[in-house]
Trainee: 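First, the structure itself, so that you have it in front of you.
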Number of protein chains: 2
Amino acid sequence: MDKTLLEKFKDTLHTNGMKCTPARLLIFKEVYSSSEHFDADEIYFRMRREKKAVSRATVYRTLDLLVENGFVSRVNVGASQVHFENTLAQEHHEHLVCTQCGKIIEFSDKVIEKQQNLICEEHDFFPTKHNLIIFGLCDKCRKRNN
Amino acid sequence: MDKTLLEKFKDTLHTNGMKCTPARLLIFKEVYSSSEHFDADEIYFRMRREKKAVSRATVYRTLDLLVENGFVSRVNVGASQVHFENTLAQEHHEHLVCTQCGKIIEFSDKVIEKQQNLICEEHDFFPTKHNLIIFGLCDKCRKRNN
DNA sequence: GTATATGCAAAGTATTTGCATTAGG
DNA sequence: CCTAATGCAAATACTTTGCATATAC
């Protein structure tokens, strides 16, 4: 992994008065050891296999720290439960989801709809109904974060 | 709720040799009593409040049944854990996610990117990095389903 | 009557938290 | 030193499952 990235991480730790611990550095390196998607337990087991064991709790806590400081993104929504909606009573639409508070806004857009079909076709993907989500921050959460 | 929808549900039950039980009908009506998003426990508690109690297990089982038969969609991905990816080593991109096997394909698209920004602006939403997901079925899963 | 559906409680999975101990600055 | 970070185990949140009982067909 890129040397400067590690330095950038160390800087962030210093600047925010957080301690530069072996566990944090190891987790950071593990996260940046490939560009694949991963989940918390994957990191935990990978490190354990490589005899660089840290506790599960520390993995979870450090990943949160990395997300808060922009080194890692959450690929799916904050809401931990599965959300449903009834299908047949509704028009086709897409969703905006606030990753912080879970707020959902529905919208329809012809351009997105068309382009979405093109992209799916190109990648041998078959879109289902209600199938596109844009994650972001809603107005309120963004203001709260100032 | 629409009378024909309930009939359609009953038909589906018959056609697939599933029993038309009070619990299933009540859950179906509850699901179609509004067009809002919901999660399993919400249905469970709403019904309990309305003295139409069914067990949690039945709510979960019936929601699965409704999803399989197209009466309900899962709004977020099948994967139960939170997925992450490192941010700084990568170009901006979007994701295709297979709701059946969890496969993730990354893509970039200028049209989607631009339109996404327009839509976010319109709804006072602030897109974050790696923020759009199109859910669907990958080639393999679609073929497996025949 | 018989197979399927239900309810309950227990198990499972992913994640978070409290607290005593350790260690970075 | 002193505060923040760690590890552990227990707690939590959501969901699934095994099994005995009930019920639709």
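Chain A is the first sequence line, chain B the second, and so forth, proteins listed ahead of strands; every chain is numbered from 1.
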Trainee: Just how far, in rounded Å, is P of C:dT15 from CD1 of A:I43?
Mentor: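 Computing the A:I43:CD1 to C:dT15:P distance gives 12 Å.
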
Trainee: Checking B:R56 side chain against B:Y44 main chain: does a donor-acceptor pair fall under 3.5 Å?
Mentor: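 Judged by distance alone, no pair lies under 3.5 Å.
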
Trainee: Taking the six-membered ring for Trp, are A:F71 and A:F9 parallel (under 30°), tilted (30 to 60°) or perpendicular (over 60°)?
Mentor: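 Rings of A:F71 and A:F9: perpendicular, as their planes differ by over 60°.
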
Trainee: Do side-chain atoms of B:Q115 reach the backbone of A:I112 as a donor and acceptor pair under 3.5 angstrom?
Mentor: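 Between the backbone of A:I112 and the side chain of B:Q115 there is no qualifying donor-acceptor contact (under 3.5 Å).
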
Trainee: Report the distance from atom OG1 of A:T12 to atom CG of A:N69, rounding to the nearest 0.5 Å.
Mentor: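 So the gap between those two atoms works out to 6.0 Å.
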
Trainee: What's in the same ILVMFWY side-chain cluster as A:V111, cut-off under 4.5 Å, chained through other members?
Mentor: B:V111

Trainee: With the threshold set at under 4.0 Å for non-hydrogen atoms, list the residues of residues 45-59 of chain B touching DNA chain D in residue-number order.
Mentor: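 Here the set is B:R56, B:A57.
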
Trainee: Using five pairs at each end of the helix from C:dG1-D:dC25 to C:dG25-D:dC1 to define an axis, what is the angle between those two axes, to 10°?
Mentor: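 End-to-end axis angle: 30°.
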
Trainee: Please give, in whole Å, the distance from D:dT16 C1' to B:L63 CG?
Mentor: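 One finds 13 Å between C1' of D:dT16 and CG of B:L63, rounded.
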
Trainee: Any idea which heavy atoms bring B:L13 and B:C20 closest together, and the distance?
Mentor: CD1-CA, 3.9 Å

Trainee: Does a side-chain N or O from B:Y60 land closer than 4.0 Å to OP1 or OP2 of D:dT16, or not?
Mentor: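 No.
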
Trainee: Please state how far atom CZ in A:F28 lies from atom P in D:dA5, giving the value in whole angstrom units.
Mentor: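 To the nearest whole Å, that distance equals 17 Å.
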
Trainee: Nearest whole angstrom, please: distance from the C1' of D:dT17 to the CZ of B:R61.
Mentor: 8 Å

Trainee: For A:E50, what residues pass the salt bridge (charged side-chain N to carboxylate O under 4.0 Å, His left out) criterion, not counting sequence neighbours?
Mentor: A:K52

Trainee: B:H93 vs B:H95 aromatic rings, parallel, tilted or perpendicular, using cut-offs 30° and 60°?
Mentor: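 B:H93 vs B:H95 ring planes: perpendicular.
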
Trainee: Expressed as a whole number of angstroms, how long is the span from A:L65:CG to C:dT15:P?
Mentor: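 That distance rounds to 17 Å.
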
Trainee: Please list residues of residues 13-26 of chain B whose heavy atoms come under 4.0 Å from any atom in DNA chain D, ordered by number; otherwise none.
Mentor: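 Here the set is B:K19, B:C20, B:P22.
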
Trainee: With distance as the sole test, does B:D39 use its side chain to make a donor-acceptor pair with the main-chain N or O of B:E42 at under 3.5 Å?
Mentor: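 Yes; at least one donor-acceptor contact below 3.5 Å.
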
Trainee: Between C1' on C:dA14 and CG on A:D64, what's the gap in Å once rounded to a whole number?
Mentor: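 Rounding to the nearest Å, CG of A:D64 and C1' of C:dA14 are 13 Å apart.
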
Trainee: Roughly how far, to the nearest 0.5 Å, is the CZ atom of A:F125 from the CD1 atom of B:I134?
Mentor: 9.0 Å

Trainee: With B:D11, which residues qualify under salt bridge (charged side-chain N to carboxylate O under 4.0 Å, His left out), at least two apart?
Mentor: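 For B:D11 there are no salt bridge (charged side-chain N to carboxylate O under 4.0 Å, His left out) partners, ignoring immediate neighbours.
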
